[in-house]
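Reviewing the structure listed below.
Remember, it's a predicted structure, so these values are computed and weren't measured experimentally. In each ligand, atom 1 is the first atom listed, and ligand 1 is the first ligand listed.
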Amino acid sequence: MRFDILTLFPEMFSSPLRESILGRAIEKGLIHIRTLNIRDFALDKHQIVDDTPYGGGQGMVMKVEPIARVIEWVKSENPSARTIYLTPQGEQFSQEKALELSSSSHLILLCGRYEGIDERVRELFVDEEISIGDYVLTGGELAAMVVIDAVSRLLPSVLGSDRSAEEDSFNNSLLEYPQFTRPFNFRGCCVPGILLSGNHSAISLWRRKEALKRTWVRRPDLLAKANLSDEDRGLLEEILQQSKTDQVEDGA
Ligand code: 4FV
């Protein structure tokens, strides 16, 4: 999979994407990441990439011409590349969206700065807009990194075993169950015995119940859209009963 990142700060991408899993995926040629400096596509003597907003107002706006040139340059290599603009006005990024994008072969990620981009870039070149969250960053670069990370780890053989991506949080829209590793006893806090029982069906049942409980407590909105089995509904019933008992015991 190819990622072309259009940015005014290409060096921001030098180290974050070169470490660990993504770094290995790049070495193995599973993903190709190229950064293109939008300023290199500003042909005027001073390579101006931003200007004051028509109609007045604070801040600067990124000019349409340099962005148009760099996108057309990339699309001249591959017309089917998909252009994504990272912006708080975009569709909320999610595991579902990451899964969808992981089937693309070539993504162009446009990183805004200042107050954003000239609206005509959207009208003429942007295929879709993605937001990583309802907060304002200084630039779209960190959002682009988030998208590249979440999408790349879903590509075949990027993670050690493809199985682990399937078990991700959100993949079946439940939060993950608690994880434990050695030591068994840390300052008196011990690992749940079931996990050392070797009884794998009992262990997976415990994990499913813990995932349901955690999702019910922390993200009931996810539970509403999860495809629950009859067994899940039975486990949820136990969880609700238990919480009522706990409340009674705590005299709530
Ligand atoms: C952002 C977000 C984000 C807005 C103004 C860049 C900044 C500046 N991008 N998800 N949240 N972008 O805050 O994607 O141009």
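- Within 4.0 Å of ligand 1, protein heavy atoms come from Leu86, Thr87, Pro88, Gly112, Arg113, Tyr114, Gly116, Ile130, Ser131, Ile132, Gly133, Tyr135, Val136, Leu137, Gly139, Gly140, Ala143.
- Counting side-chain heavy-atom gaps under 4.5 Å among Ile, Leu, Val, Met, Phe, Trp and Tyr, the cluster of Trp206 also holds Phe180, Phe184, Val191, Ile194, Leu195, Leu196, Ile203.
- In terms of the side-chain hydrogen bond (donor to acceptor under 3.5 Å, both in side chains) criterion, residue partners of Glu77 (sequence neighbours excluded) are, by chain and number, Arg34.
- The side-chain hydrogen bond (donor to acceptor under 3.5 Å, both in side chains) check on Thr215 picks up nothing, with sequence neighbours excluded.
- The pair Lys213-Glu210 meets the salt-bridge criterion, with a side-chain N (NZ, NE, NH1 or NH2) lying under 4.0 Å from an Asp/Glu carboxylate O.
- A salt bridge links Arg113 to Glu141: one of the charged nitrogens lies within less than 4.0 Å of a carboxylate oxygen.
- The backbone N or O of Thr83 lies less than 3.5 Å from a partner atom in the side chain of Asp127, making a donor-acceptor pair.
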